[in-house]
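Here it is, the structure, as structure tokens.
When a ligand or atom number is given, it counts from 1 through the structure's own listing order.
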Amino acid sequence: MILNKEKECMSREQIEALQSEKLVWQVKRMYENVELFRQRMDEANLKPEDIHGIEDLHKLPFSYKKDLRDYYPYGLFAVPMKDIVRLHASSGTTGKQIVVGYTKNDLKMWSECFARQLAAAGGTNNDFVQVCYGYGLFTGGLGAHDGAQYLGATVIPASTGNTQRQIQTMVDFGATILCCTPSYAMYLGEEIKKQDKVKDLKLKAAICGAEPWTEEMRKQIEETLNIKAYDVYGLSEIMGPGVSYECECQKGMHINEDNFIAEIIDPDTGKVLPYGQKGELVFTTLTKEGFPLIRYRTRDICSLNPEKCACGRTFIRMNKPTGRSDDMLIIRGVNVFPSQIEEVLLKYCNEGITTNYQILVDRVNNTDTLDVFVEMAPDLFADDMKAIEALQAKLESKLRSALGIGAKVTLVNPNSITRSEGKAKRVIDKRKLS
Ligand code: DLL
């Protein structure tokens with residue numbers, strides 16, 4: 001179902017006119033209220049009057065995660081603190097946490113954006129939405145919660161943790177929609193199947209995001225739980241979950257273009273790239289009052305798809321982010337993205353391995369080492385060491401040709417890699433820890 005046809009199905013001309021109007025408004029108020037933005041505009045010799053609409057977007061200066069750290073905690077807020085009604089924060093894997101603030105209007109806009117996702121997944125006010133994203137400073141829990149409430153559904157605010165209780169709750173309360181990370185959905189699926197409780201579920205959909213995941217993982221979640229799994233994207237700096245959302249076609253995520261403008265740029269040159277080309281995703285918040293950002297460099301790598309979608313929504317779609325530009329590992333001088341390793345592993349899923357893996361990078365005797373641990377599928381080979389060694393060797397050879405460097409593959413027992421209740425921790429880089 002389309003929640004807000006008037007918005008979600010606007011013509012391209014209407015979208016662009018709305019975006020232009022909002023952009024002019026946002027630039028003016030940010031120039032007046034955010035010192036760093038004013039400085040950057042002045043340095044670029046730009047005044048708000050020079051921005052007439054989205055055709056001038058490319059002239060505006062970029063903003064960066066570092067800005068949020070440098071102006072921590074409230075230096076980039078565009079309204080007085082009395083108008084801020086909620087704070088969220090993100091710690092990320094490196095560096096100090098960043099904090100963002102929302103006004104009442106911002107929360108309303110965010111709730112509607114997430115509710116659009118729920119509606120696209122078939123959600124109505126008859127649904128029971130179990131939210132297993134973490135509640136707290138992380139945007140996942142409260143973002144999904146407010147969205148479900150906006151839709152009028154019944155929220156089950158389970159938060160993370162205690163998988164057995166999650167399952168019991170899901171069964172007893174009759175949850176119909178699950179919101180959690182894809183890696184947790186996989187884990188829940190495994191447990192529910194093990195306990196033979198799939199038949200006791202009323203679940204019809206899962207809304208998964210907060211980390212990259214593949215079509216293979218989607219297939220596994222859908223098959224194990226007998227549901228549809230939808231991809232939802234967001235980031236604390238721009239808004240939590242719901243910046244973009246997947247529709248029933250499950251072919252990329254519609255960006256809520258009445259509130260955000262997306263661009264893809266070459267991360268090295270900053271040049272805007274044409275539709276379809278992969279690059280760094282950049283967002284401008286058009287309507288956010290508390291913590292607006294212009295041309296924010298997300299460091300997520302993906303492409304945009306302007307093709308008409310069969311669902312009738314006209315918002316442009318972004319393809320699944322395949323990783324972040326700062327995820328890149330440099331191993332023995334070679335650039336390696338974890339997603340390249342995952343891609344190779346996924347090709348062998350029906351030959352005896354699962355999608356549970358962990359990458360370990362270390363430095364031994366001044367040389368970088370790359371280890372990939374992959375769980376075997378239960379019931380496969382059991383003790384057949386020869387078969388295991390042959391598969392390890394095959395994966396090592398495939399990885400070598402994909403990455404251009406050697407990796408040691410070790411097949412490990414089912415369920416031996418720690419499961420995560422939030423975002424999966426796929427890479428351990430011991431070089432950074434020492
Ligand atoms: O992860 C917000 C969120 C919560 C999104 C729940 C979806 C569901 P952060 O902790 O700030 O916010 O992390 C944002 O996570 O820049 C991406 O790298 C990654 N990410 C988020 N959603 C997806 C997705 C939340 N669907 C960072 N696919 C982003 C791939 C995703 N990566």
Validate the cation-pi geometry between Arg297 and Tyr64: distance from NZ or CZ to the six-membered ring centre under 6.0 Å, angle to the ring axis within 45°.
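Checked: cation-pi criterion not met.
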Can you tell me if Lys423 uses its side chain to pair, donor with acceptor, with the backbone of Ala210 under 3.5 Å?
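Here the side-chain-to-backbone pair exists.
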Pairing of Arg431 and Asp362 as salt bridge, 4.0 angstrom limit:
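Salt bridge: no.
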Whether Arg12 and Glu257 form a salt bridge (side-chain N of Lys/Arg under 4.0 Å from carboxylate O of Asp/Glu) is what I want to check.
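Yes, charged N to carboxylate O under 4.0 Å.
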Could you check ligand 1 for N or O atoms lying under 3.5 Å from protein N or O atoms and list the pairs with distances?
unit_1	atom_1	unit_2	atom_2	d
ligand 1	1 (O)	Lys423	NZ	2.8
ligand 1	10 (O)	Lys423	NZ	3.0
ligand 1	11 (O)	Ser236	N	3.0
ligand 1	11 (O)	Ser236	OG	2.6
ligand 1	13 (O)	Lys423	NZ	2.9
ligand 1	15 (O)	Ala210	O	3.4
ligand 1	15 (O)	Lys423	NZ	3.3
ligand 1	16 (O)	Asp300	OD1	3.4
ligand 1	16 (O)	Asp300	OD2	2.7
ligand 1	16 (O)	Arg324	NH1	2.6
ligand 1	18 (O)	Asp300	OD1	2.6
ligand 1	18 (O)	Asp300	OD2	3.4
ligand 1	18 (O)	Arg324	NH1	3.0
ligand 1	22 (N)	Ala210	N	3.0
ligand 1	26 (N)	Asp231	OD1	2.8
ligand 1	26 (N)	Val232	O	2.7
ligand 1	28 (N)	Glu211	O	3.3
ligand 1	32 (N)	Pro212	N	3.4

Any side-chain to backbone donor/acceptor pair from Glu375 onto Asn415? Under 3.5 Å, distance only.
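Yes; at least one donor-acceptor contact below 3.5 Å.
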Search all heavy atoms of Leu225 against all heavy atoms of Ala185 and return the closest pair with its distance.
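Taking Leu225 first and Ala185 second, the nearest heavy atoms are CD1-O, 4.2 Å.
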